[in-house]
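Worksheet: one structure, shown below.
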Amino acid sequence: MKFRYKVLIINIILLSIGIGTVGYFMIDKNVNLAIDSEIKNAIDENNMLQSAVEYELIGVANSSKTSITSTLNSVSAGVTSGMSANQSEVYIYYDNTLLYTNASHVTTQPENLIMNVAMGQKDYIISHENGEDYIYVTSYSRICDANLNVVNKRSISEVYDLIDQQIGYFRILLLIILLFCSTMMYIASRLLTNPLEKLTKVSLAFGNGDYSVRSDIKSKDEVGKLSTTYNYMAQSVSDHVDALEDMIKRQDQFVADFTHEIKTPMTTIIGYADTIRSRELNREKQIESASYIFSEGKRLESMSMKLFDLIYTKQHEITKKEFWVGQLIEEVSNSIEPAILKKNMKLETSFDNCRMIGDIDLLKSAFINLIDNARKASNPESSIIFKGEKHEDGYKISVKDFGTGISKEHISHITDAFYMVDKSRSRKEGGAGLGLSLASLIFRSHNADFNIDSTLGEGTCITLTFPPENLQHIEEKVVDSYEE
């Protein structure tokens, strides 16, 4: 069942109960008021009859010797003809004997009608007789040492007929109100649930793969907030899907690049191995072919080791220990010095010495990769600046060269596996595009911010900012220069 119908049914039930309860109490109140009014009128009528009969009977008793019993009938007839309403019946009992009535047909009186009333008081009984409702009012007094009971009987069927009419009118009015309110509530519930139906359609479309669909519901109520929350969720899911698709593309590209990278050295190895196997070569050619096989084999070995480090670093938590920044920079400088000197270049270092927390071996490998890339991108006799500085936002270590630089379209992909800005130069230098990927992963594991600032033809500066929690305290500033 749709939500709008549930709302409609619940509202109809609640409205029916509410109006019905109010109507019941109102009708019940009217019934009581009407009956009370009839009782009051009947009692007033009985008071007048009783007073008039008693007055006449007392006069008869004082002025003549005629017995009350013989004159009661005529006295009562005269009194009731002048005072009693046409619709009322009067019964007068004297000494517990009915001596007068104006009723054309004497009916059976209610049991104990005149037996329970006390002296000077009145009593009434409501009786249902032959489909009609009557009220009996009786009074009790003593005249000449005998009981005098005056009873008047009034029909109150009109009151109940009026009540039945009110109930009928109320039912018709209730039905009209329910129909009208039901129509209004249905329209209102449809207007209120339309945004939910729109949101449902949008959700189904989104679930079927249309990640661009969004809810256009604009309101300040809960549905509007739900729509905003849904759009936020949809955008987050869409972003994650885009990220997953991008990751899948990167994985496919990784496999393609890896296949391509191993194809070239394997082709060289197979080619030279087949030459040695199938031809008679002099010693010089044999050594040349073996050298090619050896160099390409070393390239494959280097590539496999870097891939292993890359995968291992992704899958394992690194162990961090305290070390001196000066020790790190010194070991990096000593390791890269032969390659720097071979290209007739100069490495300038300076650093604010302090203790840092991390894996010195992984960081050493990462910075060697950065400096080696700077060496490959620089011309002979140029400089590379390798320095560390303490700042308010942490410790910054930068590697700056004055080489060819990197264009903006390449910077966002520079840390992708197998990505090379200058493929011919990278392969000539023995690279496979894994160094920066591994270095970037190592820096991220140390919570370091990796930033690349480069201009074509002017050089590149890579800055690593380690957070303050990775540091201990500053000791001293040391400046060294490694040159030819």
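Everything numeric in this text was worked out from a predicted model, so none of it was measured. What's counted below: heavy atoms across the whole structure, side chains too, no hydrogens, waters or symmetry copies.
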Exercise for the section: Check the side chains of Asn47 and Lys122 for a donor-acceptor pair under 3.5 angstrom, ignoring hydrogens and angles. Expected result: yes
Distance-only donor-acceptor hits, side chain of residues 161-184, under 3.5 Å, sequence neighbours excluded:
residue : atom : partner : partner atom : Å
Ser182  : OG   : Leu178  : O            : 2.4
Thr183  : OG1  : Leu179  : O            : 2.8

Practice task
Step through the shown structure and confirm whether more than 12 heavy atoms of other residues, nucleotides or ligands are within 6.0 Å of CD on Glu197.
Solution key: yes
Practice task
May I ask you to decide if Ser378's main-chain N or O and Ser382's side chain share a donor-acceptor pair within less than 3.5 Å?
Solution key: no
Practice task
Could you grab the distance from atom OG of Ser333 to atom CD of Glu331, nearest 0.5 Å is fine?
Solution key: 10.0 Å
Handout entry: Lys/Arg N to Asp/Glu carboxylate O, Lys396 vs Glu389, below 4.0 Å
Key = no
Which side-chain N or O atoms in residues 272-285 pair as donor and acceptor under 3.5 Å with protein atoms at least two apart or in another chain?
residue : atom : partner : partner atom : Å
Asp274  : OD1  : Arg277  : NH2          : 2.5
Thr275  : OG1  : Gly271  : O            : 2.9
Ser278  : OG   : Asp274  : O            : 2.6
Asn282  : OD1  : Glu284  : N            : 3.3
Asn282  : OD1  : Lys285  : N            : 2.8

Exercise for the section: Using a strict 4.0 Å threshold on nitrogen-to-oxygen distance, state whether Lys40 and Glu38 make a salt bridge. Expected result: no
Problem - Lys153/Glu129 ion pair, N-O < 4.0 Å - result: yes
Practice task
Taking the side chain as every heavy atom from C-beta outward, state whether Ile156 and Tyr134 have any atom pair closer than 4.5 Å.
Solution key: no
Exercise for the section: State, without any angle test, whether Gln235 and Asp239 hold a side-chain donor-acceptor pair at a distance under 3.5 Å. Expected result: yes
Practice task
Flag this pair as yes if the NZ/CZ of Lys387 is under 6.0 angstrom from the six-membered ring centre of Phe351 and inside a 45 degree cone about the axis; otherwise no.
Solution key: no
Exercise for the section: Would you indicate whether the side-chain heavy atoms of Phe323 and Leu363 approach each other to under 4.5 Å? Expected result: yes
Handout entry: ring-ring contact (aromatic ring centres under 6.0 Å, His included) against Phe367, all qualifying residues, sequence neighbours excluded
Key = Phe386, Phe443
Problem - Side-chain donor-acceptor pair present, Thr229, Asn231, cut-off under 3.5 Å - result: no
Problem - Ile340 side chain reached by Ile371 side chain, heavy atoms, under 4.5 Å - result: yes
Problem - Exceeds 12 heavy-atom contacts within 6.0 angstrom, atom NE2 of His240 - result: no
Practice task
Over all heavy atoms of both residues, which pair between Ala339 and Arg375 is shortest? Give the atoms and the distance, please.
Solution key: O-CD, 3.4 Å
Exercise for the section: Check whether the side chains of Thr463 and Ser398 place a donor and an acceptor atom closer than 3.5 Å, and report yes or no. Expected result: no
Practice task
Measure the shortest side-chain to side-chain distance between Leu370 and Leu464 over non-hydrogen atoms and say whether it is less than 4.5 angstrom.
Solution key: yes
Problem - Backbone of Met356 reached by a side-chain donor or acceptor of Lys320 within 3.5 Å - result: no
